[in-house]
Amino acid sequence: PETITVQELANRMAARVPEVVKSLMKLGVMATATQTIDADTAELVVEEFGHRSKRVSESDVELGLEGQEDSETDLKVRPPVVTIMGHVDHGKTSLLDALRSTDVAAREAGGITQHIGAYQVTLESGAKMTFIDTPGHEAFTAMRARGASVTDIVILVVAADDGVMPQTVEAIRHAKAANVPIIVAINKIDRPDANPNRVRSELLQYDIAVEAMGGETQDVEVSALKRQGLDALQEAILLQAELLDLKANPNRSAEGAVIESSLDRGRGPVATVLVQKGTLRQGDIVVAGTEQGRVRAMLDDHGQPLKDAGPSTPVEILGLSGVPGAGEVFVVVENEGRAREIAEFRQRKLREHAAAAGAAARGTLDQMLA
Ligand code: GTP
Ligand code: MG
């Protein structure tokens, strides 16, 4: 079979190797620059890059050169995507609820709150921010492993009466590994035994120096229970977002990540997705991991139907063939045939990987028994 190295493929597309590797990961193929991939895989990568590829002969993959990178002028400011992490019982859910209660859009929607895995808050000023609800540290890692980095900012919740605990440290590690800036929310400040300065000095041990300690990490004292400090926390988020200069091109086909998914008795497979690039529209054909389908309906986090969703918008979509895994990347493709082709290709790759893993395991077992 015809093969090409990842490096050579990148060269021919005038693309960067990490981008090609990322695209391969979306297809379920793990490869480094020097490894070879088969022509079928290469063709899919080329198409994922938005190129038109035509197999001229078995030995030659002809590639177009129009890149899919968005030009600077197409980029528009987008809301930050924020994940709340922290130790058990330090108040993550309470803080999310408190922040959500500040949403003016929720008031307009009649206060209906739908529990989906992500939601957007619109402030009085009109500024928006998107929160991902308790993905858990495992989901966070799984998303990163799949190449879907969805979070722009991590809010590290530390209870002022309890201080830095094991899962606080774990959250710090995750955020640092993902190179995501942290804002420390020192919670439960209403408690008589609250000691925010102890939290600040404990954090130094983990290389987090808040402003009062001469560092650059923002920290905010809050009480999720008494709804104190929420404005300051939102200010901190907006400031951090500004520093990050978050932008995306809304005028292109959508790409994003699956936040959570489930099989609903009445509605079939339901996936909460975060649009990261482009605009997702009702009727679009999407591939998410090994699943595909036409977006039959789209709902926002208030359960209201939506026709389109731009960058940083979380939406629930109906119409997929099955339930995609959390952290899977989704992309809009041009037609249903193409969607099925990619989904089937991925399913085949998955089976091959499983078979290869099984064979390897049997091999070691044979060796052990020999
Ligand atoms: P897990 O999801 O189990 O990890 O917990 P969590 O971090 O989501 O904490 P949760 O919001 O469930 O809060 C845990 C407990 O702390 C609850 O009893 C809350 O009422 C309480 N709590 C949360 N925030 C505050 C606060 O600001 N002040 C006080 N006094 N109690 C709080
Ligand atoms: Mg919770």
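Counting starts at 1 for both ligands and their atoms, in listed order.
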Next item on the list: Please confirm whether V222 comes within less than 3.5 Å of ligand 1 when only nitrogen or oxygen atoms on both sides are compared.
Entry: no
Next item on the list: Identify whether NZ of Lys or CZ of Arg in R100 sits under 6.0 Å from the centre of the six-membered ring of F131 and within 45° of that ring's axis.
Entry: no
Notebook entry, point to check: Can you pull the side-chain hydrogen bond (donor to acceptor under 3.5 Å, both in side chains) pairs that have at least one residue in residues 177-197, sequence neighbours excluded?
Noted result: D161-R191, D190-S223, R191-D193, N197-R200
Next item on the list: Answer yes if L238 and V77 sit in the same cluster of Ile, Leu, Val, Met, Phe, Trp and Tyr residues linked by side chain heavy atoms under 4.5 Å apart, and no otherwise.
Entry: no
Next item on the list: Give the single entry among D161, D193, N187 that approaches atom 24 (N) of ligand 1 most closely by any heavy atom.
Entry: N187
Notebook entry, point to check: Is it true that a side-chain atom of K247 and a backbone atom of L75 form a donor plus acceptor pair closer than 3.5 Å?
Noted result: no
Next item on the list: Answer yes or no: are there more than 12 heavy-atom neighbours, outside D231 itself, under 6.0 Å from its atom CG?
Entry: no
Margin query: When you measure from the heavy atoms of H87 to every atom of ligand 1, does any distance fall below 4.0 Å?
Written below: yes
Next item on the list: Return a yes/no value for K226: is any of its N or O atoms, backbone included, closer than 3.5 angstrom to an N or O of ligand 1?
Entry: no
Item checked: 2.8 Å cut-off met by an N, O or S atom of T93 to the Mg ion (ligand 2) -> yes
Notebook entry, point to check: With respect to L280, which candidate in I317, L274, D308 satisfies the side chain to side chain contact (heavy atoms under 4.5 Å, CB included) definition?
Noted result: I317
Checklist line | N/O separation below 3.5 Å, G91 to ligand 1 | finding: yes
Check: Can you list the ligand 1 atoms lying under 4.0 Å from a non-hydrogen atom of R191?
Finding: 30 (N)
Checklist line | Nearest candidate to atom 30 (N) of ligand 1, where distance is taken over non-hydrogen atoms, out of V88, D162, D190, L96 | finding: D190
Note to self: Could you work out, with side-chain contact (heavy atoms from CB on, under 4.5 Å) as the rule, every residue matching S71, not counting sequence neighbours?
What the structure shows: T73, D74
Check: Can you check whether L95 has an N/O within less than 3.5 Å of an N/O in ligand 1?
Finding: no
